[in-house]
Peer 1: 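Let me begin by handing over the structure; questions about it come next.
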Amino acid sequence: MTIRHLKIFLQVADTGKMSAAAKNLFMTQPSVSQAVRELEEHYHTLLFERLSNKLFITESGKQLYTYAKMAVEQFDFLEEKMAYKNRRERFRIGATVSVGGSILSHIVNELNKAFPEMDVYCFVGNTQEIENKLLNAELDAGIVEGFIKNPELLTTPLIKDPLVLACSKEHPLAKEPVIHTKDLEGKKFVIREAGSGTRELLERFLSSQNINVHVAFEAHTPDSIKNAVRYNNCLSLISSRLLTDELSSGDFVAFSHEKSQWDRYFRLVRHKNKKTGSTFTVLEEILKSCEEKDSPSSLIRGRLLV
């Protein structure tokens with residue numbers, strides 16, 4: 001088994017076709033088929049099922065895909081470093097939307113100051129997307145607020161990030177200093193997309209309280225969520241760090257949970273097999289320094305009682 005075998009396997013898995021993989025690799029289809037067959041013989045397992053002239057990756061294939069991706073990446077990294085010693089290092093950070101909309105730019109600026117010769121790449125998505133990219137070795141580190149489920153990933157909670165229930169100043173609940181769970185029954189909500197940690201937390205809360213709401217919007221970005229709150233009379237569970245301007249101006253009103261059940265943490269995530277170095281150490285220190293940055297806790301005056 002060689003790196004060549006793994007690269008061929010990854011192409012077949014990504015394209016779903018031997019012919020497409022062969023075209024991308026400038027090889028013949030029989031050579032691609034032979035390489036996959038040699039891998040299957042080497043590991044004594046079936047990597048693809050062939051049904052009706054279509055390829056379907058097996059569970060063994062999915063497992064190999066994760067490790068092969070990491071192995072090929074490390075090999076390519078070695079080749080690049082040995083061939084181009086003076087080329088800039090690249091550090092890839094994945095951040096959830098709440099992080100991207102609040103502290104990510106500050107983090108990148110501080111990393112650039114600490115490592116001026118390093119290029120920092122950022123990907124902003126939901127928790128599930130960050131988790132998948134870390135498992136596929138497409139990111140070096142993640143900063144998320146959602147629940148990481150895969151045991152291959154290690155998490156370190158570093159920054160408290162309270163969620164609040166937000167509404168516009170025109171909403172019927174805005175005038176109430178205290179609201180109750182039952183007040184949410186049937187109300188219009190704007191929620192995050194599937195895979196979001198914020199959405200998962202909201203759904204758990206509503207389920208635990210046996211509350212049904214009307215989902216009027218599913219949104220991917222802070223601006224679209226805030227527009228639905230501002231112009232469409234929606235409620236939303238959202239990071240307080242994203243509402244500093246709206247709360248300061250009085251355009252929005254925010255309610256915190258009386259028992260702090262909406263308090264969560266931004267977590268630094270990495271693959272357990274990912275080697276850490278000075279970049280990870282500095283990144284962790286930068287995150288710790290962000291604890292009070294852009295936290296509008298003094299502007300949250302409403303409370304939700306359960």
Peer 1: Nearest 0.5 Å, please: how far is NZ in Lys133 from CD in Gln128?
Peer 2: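 It is 12.5 Å, given to the nearest 0.5 Å.
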Peer 1: Heavy atoms, side chains only, cut-off 4.5 Å: are Leu47 and Val12 in contact?
Peer 2: no
Peer 1: Same hydrophobic cluster for Ile238 and Val229, using side-chain heavy-atom links shorter than 4.5 Å among ILVMFWY?
Peer 2: yes
Peer 1: Heavy atoms, side chains only, cut-off 4.5 Å: are Thr96 and Ile143 in contact?
Peer 2: no
Peer 1: Take Met27 and Gln11 through the side-chain contact (heavy atoms from CB on, under 4.5 Å) test and state the conclusion after the steps.
Peer 2: CA-CA 12 Å; Met27 297 173 61; Gln11 272 293 316; over 6 Å; no
Peer 1: Shortest non-hydrogen contact from Phe255 to Leu304?
Peer 2: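 Of all heavy-atom pairs spanning Phe255 and Leu304, the closest is CB-N, 4.4 Å.
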Peer 1: Hey, quick one: are Ile211 and Leu163 part of the same hydrophobic cluster, counting side-chain heavy atoms closer than 4.5 Å, chains of contacts allowed?
Peer 2: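 Ile211 and Leu163: one cluster.
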Peer 1: Is the closest side-chain heavy-atom distance between His106 and Glu110 below 4.5 Å?
Peer 2: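 Yes, at least one pair of side-chain atoms sits under 4.5 Å.
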Peer 1: If we ignore hydrogens and angles and just use 3.5 Å, is the side chain of Glu131 paired with the main-chain N or O of Asn150 as donor and acceptor?
Peer 2: yes
Peer 1: Using modelled atom types only, decide if a donor and an acceptor are shared between the side chain of Glu89 and the backbone of Met118 within a distance under 3.5 Å.
Peer 2: no
Peer 1: Starting from Leu135 and following side-chain heavy-atom contacts under 4.5 Å between hydrophobic residues (I, L, V, M, F, W, Y), which residues can be reached?
Peer 2: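 Taking Ile, Leu, Val, Met, Phe, Trp and Tyr as members, Leu135 shares its hydrophobic cluster with Tyr121, Phe123, Ile130, Leu134, Leu139, Val144, Ile148, Leu153, Val269.
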Peer 1: Please work out whether the ring planes of Trp262 and His257 are parallel, tilted or perpendicular, with thresholds of 30° and 60°.
Peer 2: perpendicular
Peer 1: Going only through I, L, V, M, F, W and Y residues with side-chain contacts under 4.5 Å, is there a path from Ile179 to Phe252?
Peer 2: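 No, because Ile179 and Phe252 fall into different hydrophobic clusters, even though each may have its own neighbours under 4.5 Å.
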Peer 1: What closest approach, in Å, do Glu129 and Gly125 show between heavy atoms, and which atom pair accounts for it?
Peer 2: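 For Glu129 and Gly125, the tightest heavy-atom pair comes out as OE1-CA, 3.2 Å.
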Peer 1: Under 4.5 Å between side-chain heavy atoms, hopping through other hydrophobics if needed: is there a path connecting Phe266 to Val124?
Peer 2: yes
Peer 1: Evaluate the side-chain proximity of His171 to Val253: yes if any heavy-atom separation is below 4.5 Å, no if none is.
Peer 2: no
Peer 1: Kindly indicate, with the supporting measurements, whether the criterion side-chain contact (heavy atoms from CB on, under 4.5 Å) is fulfilled by Thr66 and Lys62.
Peer 2: CA-CA 7 Å; Thr66 298; Lys62 291 176 182 178; over 6 Å; no
Peer 1: Look only at the side chain of Arg90 and the backbone of Asp119, and say whether a donor-acceptor pair between them is shorter than 3.5 Å.
Peer 2: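 Checked: no pair found.
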Peer 1: Specify the closest pair of heavy atoms between Ala95 and Gly100, including all atoms of both residues, with the distance to one decimal.
Peer 2: CB-N, 4.3 Å
Peer 1: What donor-acceptor contacts under 3.5 angstrom involve side-chain atoms of residues 275-286, with partners at least two apart or in another chain?
Peer 2:
residue	atom	partner	partner atom	Å
Thr281	OG1	Gly277	O	3.2

Peer 1: Are Tyr67 and Tyr43 co-members of a hydrophobic cluster defined by side-chain heavy atoms under 4.5 Å apart?
Peer 2: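 No, because Tyr43 and Tyr67 fall into different hydrophobic clusters, even though each may have its own neighbours under 4.5 Å.
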Peer 1: Report, as yes or no, whether the 6.0 Å neighbourhood of atom NZ on Lys149 holds more than 12 heavy atoms from other residues, nucleotides or ligands.
Peer 2: yes
Peer 1: Please round to the nearest 0.5 Å and tell me the distance separating atom CG of Leu242 and atom OG1 of Thr244.
Peer 2: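 Between atom CG of Leu242 and atom OG1 of Thr244 there are 8.0 Å.
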Peer 1: Would you say the side chain of Phe217 lies within less than 4.5 Å of the side chain of Lys188, judging by non-hydrogen atoms?
Peer 2: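 No, their side chains stay 4.5 Å or more apart.
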Peer 1: Distance check, rounded to the nearest 0.5 Å: Ser236 atom OG versus Ile191 atom CD1?
Peer 2: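 If we round to the nearest 0.5 Å, Ser236:OG and Ile191:CD1 are 9.0 Å apart.
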Peer 1: Does a side chain donor of either Tyr65 or Asn136 reach within less than 3.5 Å of an acceptor in the other side chain?
Peer 2: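 Side chains of Tyr65 and Asn136: no pair found under 3.5 Å.
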Peer 1: When rounded to the nearest 0.5 angstrom, what is the spacing between NZ in Lys259 and CG in Leu305?
Peer 2: 9.5 Å
Peer 1: Arg50 versus Leu55: any side-chain heavy-atom pair under 4.5 Å?
Peer 2: yes
Peer 1: Could you check if a side-chain atom of Asp245 sits within less than 4.5 angstrom of a side-chain atom of Lys226, using non-hydrogen atoms only?
Peer 2: no
Peer 1: Can you check whether Val164's main-chain N or O pairs, donor with acceptor, with Ser240's side chain at less than 3.5 Å?
Peer 2: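 Looks like no, no N/O pair under 3.5 Å.
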Peer 1: I'd like to know whether Lys23 forms a side-chain contact (heavy atoms from CB on, under 4.5 Å) with Lys17, so could you lay out the CA-CA distance, the side-chain angles of the two residues, the decisive distance to 0.1 Å, and finally the verdict.
Peer 2: CA-CA 10 Å; Lys23 182 178 179 180; Lys17 294 181 179 180; over 6 Å; no
Peer 1: What's the separation between atom SG in Cys122 and atom CZ in Phe91, rounded to the nearest 0.5 Å?
Peer 2: 10.0 Å
Peer 1: Take Gln63 and Glu59, measure what side-chain hydrogen bond (donor to acceptor under 3.5 Å, both in side chains) needs, and give me the verdict at the end.
Peer 2: CA-CA 6 Å; Gln63 185 176 20; Glu59 288 302 315; over 6 Å; no
Peer 1: For Asp183 and His180, indicate whether the former's side chain and the latter's backbone hold a donor-acceptor pair under 3.5 Å.
Peer 2: yes
Peer 1: About how many Å separate CG of Leu243 and CG of Leu299, when rounded to the nearest 0.5 Å?
Peer 2: 10.0 Å
Peer 1: Output yes when a side-chain donor or acceptor of Lys69 lies under 3.5 Å from a complementary backbone atom of Glu138, and no otherwise.
Peer 2: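 No, because the side chain of Lys69 does not come within donor-acceptor range (under 3.5 Å) of the backbone of Glu138.
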Peer 1: Can a donor-acceptor pair be found, under 3.5 Å and without considering hydrogens, that links the side chain of Ser207 to the backbone of Glu203?
Peer 2: no
Peer 1: Tell me whether Arg92 contacts the main-chain N or O of Ala137 through its side chain, where contact means a donor paired with an acceptor under 3.5 Å.
Peer 2: yes
Peer 1: For the backbone of Asp263 and the side chain of Ser260, can you confirm whether one donor and one acceptor N or O come within less than 3.5 Å of each other?
Peer 2: no
Peer 1: Do Thr2 and His5 pair up side chain to side chain, a donor and an acceptor below 3.5 Å, judged on atom types alone?
Peer 2: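 Present: a donor and an acceptor within the cut-off.
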Peer 1: Which atom pair, heavy atoms only, marks the closest approach of Thr15 to Ala20?
Peer 2: CB-CB, 3.7 Å
Peer 1: Does the pair Glu193 and Asn126 meet the rule for a side-chain hydrogen bond (donor to acceptor under 3.5 Å, both in side chains), with working shown?
Peer 2: CA-CA 8 Å; Glu193 77 289 350; Asn126 63 41; 3.0 Å; yes
Peer 1: So does Ser239 get a backbone contact from the side chain of Ser98, meaning a donor-acceptor N/O pair under 3.5 Å?
Peer 2: no
Peer 1: Kindly determine whether Asp140 and Arg270 satisfy side-chain contact (heavy atoms from CB on, under 4.5 Å), including the steps that lead there.
Peer 2: CA-CA 7 Å; Asp140 300 303; Arg270 65 175 178 87; over 6 Å; no
Peer 1: So do Glu145 and Leu201 actually touch side chain to side chain, heavy atoms under 4.5 Å?
Peer 2: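 Leu201 vs Glu145: side chains apart.
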